[in-house]
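Quick notes on the structure that follows.
Residue indices begin at 1 and follow the sequence shown. Worth knowing before you read on, the calculation uses all heavy atoms, side chains too, and leaves out hydrogens, waters and symmetry mates.
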Amino acid sequence: MDEFQRSWLLAQLGSDTDPADLERRYFRLRSVRAVALEVLGERRAKLLADPLKVTVDGVVTMDLQENLRGIERHIEVVRQVPAPEDEDEASDTPAVARLVPTRRYR
């Protein structure tokens, strides 16, 4: 994994994410997008393993449903946003553009 891929992953997952863990995952998965989706999937599963809402009458209410929705939205964004390997593939394919005049002259 190069520095650009590592910085993309840290931007998606947060700067407190362990870079050594990301390296191990990248070695196994060979895709930065797959690494990001795996980490976000684990975070989602961890939230789902515990109760999303806990209420102690008159004392405290803790609701993690918005956190779960936020992680699910983030997973969708990571699936759609260009990843570093996508840009490498895009640079290998030639692009063809047809130029058309905006006004025809006689």
Side-chain angles (χ1 to χ4, degrees):
M1 177 182 345
D2 63 17
E3 190 61 36
F4 181 65
Q5 292 170 324
R6 184 178 300 105
S7 64
W8 186 86
L9 277 171
L10 291 175
Q12 298 302 318
L13 302 173
S15 59
D16 60 336
T17 307
D18 182 21
D21 180 47
L22 296 178
E23 290 278 346
R24 286 189 298 273
R25 291 174 193 260
Y26 182 76
F27 181 74
R28 181 173 45 87
L29 299 170
R30 289 290 173 205
S31 166
V32 289
R33 183 187 312 276
V35 170
L37 290 173
E38 184 176 73
V39 170
L40 290 171
E42 286 178 2
R43 290 178 184 176
R44 181 181 178 274
K46 187 176 179 182
L47 274 176
L48 287 173
D50 295 329
L52 290 176
K53 188 171 187 176
V54 176
T55 303
V56 177
D57 290 335
V59 179
V60 70
T61 298
M62 185 175 73
D63 190 359
L64 299 176
Q65 292 175 0
E66 285 302 315
N67 292 2
L68 178 63
R69 288 187 197 109
I71 287 179
E72 289 172 343
R73 285 191 302 266
H74 196 114
I75 288 171
E76 287 305 313
V77 168
V78 168
R79 285 187 178 140
Q80 295 172 4
V81 71
E85 63 252 11
D86 296 342
E87 294 170 6
D88 291 340
E89 292 172 5
S91 65
D92 294 341
T93 58
V96 177
R98 188 173 134 191
L99 300 176
V100 179
T102 58
R103 176 187 276 177
R104 295 186 183 253
Y105 294 99
R106 292 187 189 170

Are Asp21 and Arg25 within salt-bridge range, i.e. N to O under 4.0 Å?
yes

Could you report the tightest heavy-atom contact between Glu85 and Arg33, atom names first, then the distance?
OE2-N, 3.4 Å

What one should report as the nearest heavy-atom pair of Leu13 and Thr17 is O-OG1, 3.2 Å

On a heavy-atom basis, which atom in Met1 and which in Leu9 lie closest, and how many Å separate them?
SD-CD1, 3.8 Å

What heavy-atom pair brings Val32 and Ala83 nearest, and what distance separates the two atoms?
CG2-CB, 4.2 Å

Report yes or no: do Phe4 and Leu10 belong to one cluster of Ile/Leu/Val/Met/Phe/Trp/Tyr joined by side chain heavy-atom distances under 4.5 Å?
no

Does a salt bridge link Glu72 with Arg69, judged by any charged N lying under 4.0 Å from a carboxylate O?
no

Residues Trp8 and Pro82: closest non-hydrogen pair is NE1-O, 3.5 Å

I'd like to know whether Arg24 forms a side-chain contact (heavy atoms from CB on, under 4.5 Å) with Asp18, so could you lay out the CA-CA distance, the side-chain angles of the two residues, the decisive distance to 0.1 Å, and finally the verdict.
CA-CA 10 Å; Arg24 286 189 298 273; Asp18 182 21; 4.1 Å; yes

Arg43 versus Ile75: any side-chain heavy-atom pair under 4.5 Å?
no

What closest approach, in Å, do Ala36 and Val78 show between heavy atoms, and which atom pair accounts for it?
CB-CG1, 3.9 Å

For the pair Gln5 (side chain) and Asp2 (backbone), establish whether a donor and an acceptor sit closer than 3.5 Å, ignoring hydrogens and angles.
yes

